[in-house]
Amino acid sequence: MSGIVDGKVAFVTGGSSGIGRGTALVFAREGARVAIADIQVEQGHETVRLVKEAGGEAVFVKCDVSVSSEVKAAVETVVGTWGRLDFGFNNAGIESAMAKTADHAEEDWDRVIEVNLKGVWLCMKYEIPQMLKQGGGAIVNTASIGGMRGLGGMANYCASKGGIIMLTRTAALEYARSGIRINAVCPGGIHTPMGKRLVGQPMMTETRGNAMKRWGKPFEVGEAVVWLCSDKASFVTGHAMAVDAGFLAA
Ligand code: NAD
């Protein structure tokens, strides 16, 4: 049975947990080899085990996406292992303690921007040259409903995710004629360790909930990501796709 990304190589950051792990499993189901990049080593190896158990091929690469040398080395490892890099799913992200804008600790501001926004840029910085060498590729960056709507208590997070959307659009324009499509997904309310931490926070005053009145599952984001990477999305670039059960429609 052939999948929609058969024989391709995907690099998934934040692949040790949640949306990254769920997406790695969808990539594998659809025929791609998957490199899991994360700072959580044991859980990363668990994702590799789950992919292999499902009949796929995966490796783990320890990588802090906010450190340039580590991202460069991780991309080199993937290319060294499988000889190519077709997809980047730049998904690793964090939140900080909730606080009103004026009350965010400066170190919380810096860390969230460093991991979420600079981390995505660093991944693209090292993925794109390899894709240019190969003549093409596809990138999906994880933004959020918080990149489109304000979420009370999360100014640093929302600023980072809004930044990811504009980074995605700009890069998409720059590389559209070089065979590289670059899109974002904007998940809302996904049942992961981060999702469980966020929902129900008293500071999340703007959260009205989604129209389906249920949590999303990590694989439901993964299905969108893998489709965006596949040739089925050949005319789609620069798009920020909501995977949010209608949250942004309200
Ligand atoms: P999660 O906490 O389950 O997974 C995040 C993963 O990122 C973890 O494995 C963590 O170790 C890794 N990570 C954190 N900092 C890193 C770093 N510096 N370098 C490498 N890896 C690092 O959370 P999740 O819900 O799966 O989140 C994945 C992405 O989805 C994040 O960017 C998050 O902002 C976004 N998102 C999540 C939701 C949701 O409801 N869960 C909604 C919108 C957007």
Side-chain angles (χ1 to χ4, degrees), residues 11-26 35-48 50 60-75 88-96 108 110-123 126 140-151 154 156-165 167-168 184-201 204 206-207 209-210 212 214-222 224-225 240-245 247-248:
F11 179 66
V12 176
T13 73
S16 295
S17 177
I19 293 170
R21 175 179 285 173
T23 303
L25 287 163
V26 179
I36 307 299
D38 205 297
I39 48 176
Q40 295 197 76
V41 177
E42 246 173 67
Q43 293 200 49
H45 286 295
E46 175 60 9
T47 303
V48 168
L50 290 168
F60 175 74
V61 198
K62 186 169 185 291
C63 168
D64 180 336
V65 295
S66 68
V67 179
S68 187
S69 57
E70 293 193 21
V71 179
K72 182 171 187 283
V75 170
F89 178 39
N90 304 322
N91 162 77
I94 57 168
E95 85 284 16
S96 73
D108 282 353
D110 287 346
R111 189 64 192 148
V112 167
I113 297 294
E114 250 175 42
V115 173
N116 292 7
L117 184 52
K118 187 178 178 190
V120 165
W121 171 69
L122 282 175
C123 288
Y126 296 110
V140 176
N141 298 321
T142 300
S144 168
I145 51 172
M148 302 265 210
R149 287 280 162 78
L151 300 174
M154 300 185 73
N156 54 1
Y157 183 86
C158 291
S160 73
K161 295 299 188 178
I164 289 171
I165 292 171
L167 182 58
T168 299
V185 282
C186 299
I190 309 301
H191 203 247
T192 68
M194 179 192 284
K196 283 183 252 178
R197 280 194 303 274
L198 293 181
V199 171
Q201 285 279 346
M204 297 268 290
E206 312 306 322
T207 305
N210 65 48
M212 293 183 188
R214 70 163 176 88
W215 288 90
K217 298 181 180 74
F219 86 86
E220 292 181 296
V221 181
V225 172
M241 179 186 279
V243 186
D244 68 344
F247 180 95
L248 291 172

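Keep in mind that this is a model prediction, so the values were computed, not measured. All ligand and atom numbering here is 1-based and tracks the order in the structure.
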Exercise. Could you tell me whether some N/O pair between V65 and ligand 1 is separated by less than 3.5 angstrom?
Key: yes
Quiz item: Out of curiosity, is T13 lining ligand 1, as in a heavy atom under 4.0 Å away?
Solution: no
Quiz item: Between N156 and S96, does any side-chain donor sit less than 3.5 Å from a side-chain acceptor?
Solution: yes
Practice problem: Evaluate side-chain contact (heavy atoms from CB on, under 4.5 Å) for K118 paired with S66, printing each intermediate quantity in order. | Solution: CA-CA 6 Å; K118 187 178 178 190; S66 68; 5.8 Å; no
Quiz item: In terms of atom number and element, which parts of ligand 1 are under 4.0 angstrom from non-hydrogen atoms of P187?
Solution: 42 (C), 43 (C), 44 (C)
Quiz item: Passes salt bridge (charged side-chain N to carboxylate O under 4.0 Å, His left out), D64 versus K72? Steps please.
Solution: CA-CA 11 Å; D64 180 336; K72 182 171 187 283; over 6 Å; no
Quiz item: Can you tell me which residue and heavy atom of the protein come closest to atom 1 (P) of ligand 1, and the distance to 0.1 Å?
Solution: S17 OG, 3.6 Å
Exercise. Flag S66 as yes when one of its N or O atoms lies below 3.5 Å from any N or O atom of ligand 1, and as no otherwise.
Key: no
Self-check item: Atoms of ligand 1 close to G195 [distance to a heavy atom under 4.0 angstrom, numbered from 1]
Solution: 40 (O), 41 (N)
Quiz item: Where's the contact between V115 and ligand 1, heavy-atom distance under 4.0 Å: side chain, backbone, both or neither?
Solution: side chain
Quiz prompt | W215 side chain near I190 side chain, heavy-atom distance below 4.5 Å | solution = no
Quiz item: Would you call E220-R214 a salt bridge at under 4.0 Å N-O?
Solution: yes
Practice problem: Tell me which protein heavy atom sits closest to atom 21 (N) of ligand 1, plus the residue, atom name and distance to 0.1 Å. | Solution: A92 CB, 3.5 Å
Quiz item: Near I19, which atoms of ligand 1 are under 4.0 Å from a heavy atom of that residue?
Solution: 26 (O), 30 (O), 37 (C)
Quiz item: Got the closest protein heavy atom to atom 31 (C) of ligand 1, with its distance?
Solution: N91 O, 3.3 Å
Quiz prompt | For atom 18 (N) of ligand 1, the protein heavy atom that lies nearest, with its residue and separation | solution = D64 OD1, 2.9 Å
Exercise. Examine distances only and state if a side-chain atom of S160 and a backbone atom of Y157 form a donor-acceptor pair shorter than 3.5 Å.
Key: yes
Practice problem: Looking only at protein heavy atoms, identify the closest one to atom 11 (O) of ligand 1 and say how far it is in Å. | Solution: D38 OD1, 2.6 Å
Quiz item: Do any nitrogen or oxygen atoms of G188 come within less than 3.5 Å of a nitrogen or oxygen of ligand 1?
Solution: no
Quiz item: Which one holds for E95 and ligand 1: side chain close, backbone close, both close, or neither close, with close meaning a heavy atom under 4.0 Å?
Solution: neither
Practice problem: Heavy-atom distances under 4.0 Å are what count here, so tell me which part of A143 touches ligand 1: side chain, backbone, both or neither. | Solution: backbone
Quiz item: Between V185 and V140, is a side-chain contact (heavy atoms from CB on, under 4.5 Å) present by the stated rule, with each step listed?
Solution: CA-CA 7 Å; V185 282; V140 176; 4.1 Å; yes
Quiz prompt | Proximal ligand 1 atoms for G189, defined as those under 4.0 Å from one of its heavy atoms | solution = 40 (O)
Self-check item: Where ligand 1 meets G14 - atom numbers and elements under 4.0 angstrom, heavy-atom basis
Solution: 6 (C), 7 (O), 12 (C)
Self-check item: Distance from atom 40 (O) of ligand 1 to nearest protein heavy atom, with residue and atom
Solution: I190 N, 2.8 Å
Exercise. Classify the contact between I94 and ligand 1 as side chain, backbone, both or neither, using a heavy-atom distance cut-off of under 4.0 Å.
Key: side chain
Self-check item: Closest non-hydrogen atom pair, G14 against A92
Solution: N-CB, 3.6 Å
Practice problem: Check whether any side-chain heavy atom of K62 sits under 4.5 Å from a side-chain heavy atom of Q40, and report yes or no. | Solution: no
Quiz prompt | Atom indices of ligand 1 within 4.0 angstrom of M194 heavy atoms, with elements | solution = 2 (O), 23 (O), 25 (O), 33 (C), 34 (O)
Quiz item: If we only count N/O pairs under 3.5 Å, is T192 in contact with ligand 1?
Solution: yes
Quiz prompt | Shortest protein heavy-atom distance from atom 5 (C) of ligand 1, along with the residue and atom involved | solution = G93 O, 4.0 Å
Quiz item: Which bit of I39 is near ligand 1, meaning a heavy atom under 4.0 Å away: side chain, backbone, both or neither?
Solution: both
Practice problem: Enter the distance from E42:CD to F60:CZ here, rounded to the nearest 0.5 Å. | Solution: 10.5 Å
Exercise. Return the minimal non-hydrogen interatomic distance between C158 and R149, and the atom names on each side.
Key: SG-O, 3.8 Å
Practice problem: Could you pull out the closest heavy-atom pair between A37 and C63, with the gap in Å? | Solution: CB-CB, 4.1 Å
Quiz prompt | Min N/O separation T142 to ligand 1 under 3.5 Å | solution = no
Self-check item: Residue from I19, T192, I145 passing side-chain contact (heavy atoms from CB on, under 4.5 Å) with P187
Solution: I19
Quiz item: Using a distance-only test with no angle check, is there a side-chain donor-acceptor pair under 3.5 angstrom linking N141 and T168?
Solution: yes
Exercise. Pull out every atom of ligand 1 sitting under 4.0 Å from any heavy atom of Y157, numbered as shown with elements.
Key: 33 (C), 34 (O), 35 (C), 36 (N), 43 (C), 44 (C)
Exercise. Could you list the atoms of ligand 1 found under 4.0 angstrom from a heavy atom of Q40?
Key: 8 (C), 9 (O), 10 (C), 11 (O)
Practice problem: Work out whether the distance between some heavy atom of Q43 and some atom of ligand 1 is less than 4.0 Å. | Solution: no
Exercise. For C63 and ligand 1, answer yes if some heavy atom of the residue is under 4.0 Å from a ligand atom, otherwise no.
Key: yes
